[in-house]
Amino acid sequence: MFKVKSIVIFMINFYQKYISKFTPASCRYYPTCSEYTIWQFKNNNFFLAIIYSTLRILKCNQFFKGGINYPIVSKNFETLYVFKKIKSINIIFWFVPFKDDKFYVIKKFKGI
């Protein structure tokens, strides 16, 4: 499944860089539907990412209000990792607790 995820993410990145530039910005949500889909594929299993991304794209129309809608993923952080001699850690996503074992996925800004 890892290769399929990589292919899907590559196709979405291609769409963002080359195709969406010629269409008007029309997504009603933040993050945009394509960015939401990438975040889902990076932080969720393949089938849940497909389901949540499809639902999000179906909600991106004039019948829904829109607004901020971060992906929610399930994570298990019970394992404790011990790092030795770490100089820096590259953080890409923040996981903000939602409820139980569910977390909001929020992407780190470049300046922080």
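Every heavy atom of this structure was used, including side-chain atoms; hydrogens, water molecules and symmetry mates were not.
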Any side-chain heavy atom of Arg56 within less than 4.5 Å of one from Thr37?
no
Is the closest side-chain heavy-atom distance between Tyr52 and Val73 below 4.5 Å?
no
Can you tell if the side chain of Lys59 reaches within under 4.5 Å of the side chain of Leu55, non-hydrogen atoms only?
no
Could you list the residues that satisfy side chain to side chain contact (heavy atoms under 4.5 Å, CB included) with Ile72, not counting sequence neighbours?
Phe98, Lys102, Tyr104
Are any of the side-chain heavy atoms of Phe103 and Asn43 separated by less than 4.5 Å?
no
Nearest heavy-atom pair of Ile57 and Cys33: which atoms, and what distance?
CG1-CB, 4.2 Å
Separation between OG of Ser6 and CE of Met11, rounded to the nearest 0.5 Å
12.5 Å
Should Val8 and Phe14 be regarded as members of a common hydrophobic cluster, given that ILVMFWY residues are connected when their side-chain heavy atoms come within less than 4.5 Å of each other, either directly or indirectly?
no
Separation of Tyr36 OH from Tyr70 OH (nearest 0.5 Å)
12.5 Å
Hey, is the main chain of Gly66 close enough, under 3.5 Å, to the side chain of Asn69 for a donor-acceptor pair?
no
Between the CD1 atom in Ile38 and the CZ atom in Phe10, the distance rounded to the nearest 0.5 Å is 11.5 Å
If you round to the nearest 0.5 Å, how far is NZ of Lys65 from CZ of Arg28?
10.5 Å
Report the C-alpha distance between Phe95 and Val105 in whole Å, list the side-chain angles of each, state the deciding distance to 0.1 Å, and finish with yes or no for side chain to side chain contact (heavy atoms under 4.5 Å, CB included).
CA-CA 5 Å; Phe95 295 100; Val105 177; 3.9 Å; yes
Apart from Phe64 itself, residues in the same hydrophobic cluster as defined by side-chain heavy atoms under 4.5 Å
Tyr29, Phe63
Can you measure from OG (Ser20) to CD1 (Ile12) and round to the nearest 0.5 angstrom?
11.5 Å
With rounding to the nearest 0.5 Å, note down the distance linking CZ in Phe41 to CD1 in Ile50.
3.5 Å
Checking the side chain of Asn44 only, and the main-chain atoms of Gln40 only, is there a donor and an acceptor separated by less than 3.5 Å?
no
Looking at residues at least two apart in the chain, or sitting in another chain, which of them share a salt bridge (Lys or Arg N to Asp or Glu O under 4.0 Å) with Lys107?
Glu35
Under 4.5 Å between side-chain heavy atoms, counting indirect links through other Ile/Leu/Val/Met/Phe/Trp/Tyr residues: same cluster for Val96 and Phe93 or not?
yes
For the hydrophobic clusters of this structure (ILVMFWY residues joined by side-chain heavy atoms under 4.5 Å, transitively), does one cluster hold both Trp39 and Ile7?
no
Would you please say whether a donor-acceptor pair under 3.5 Å links the side chains of Gln16 and Ser34?
yes
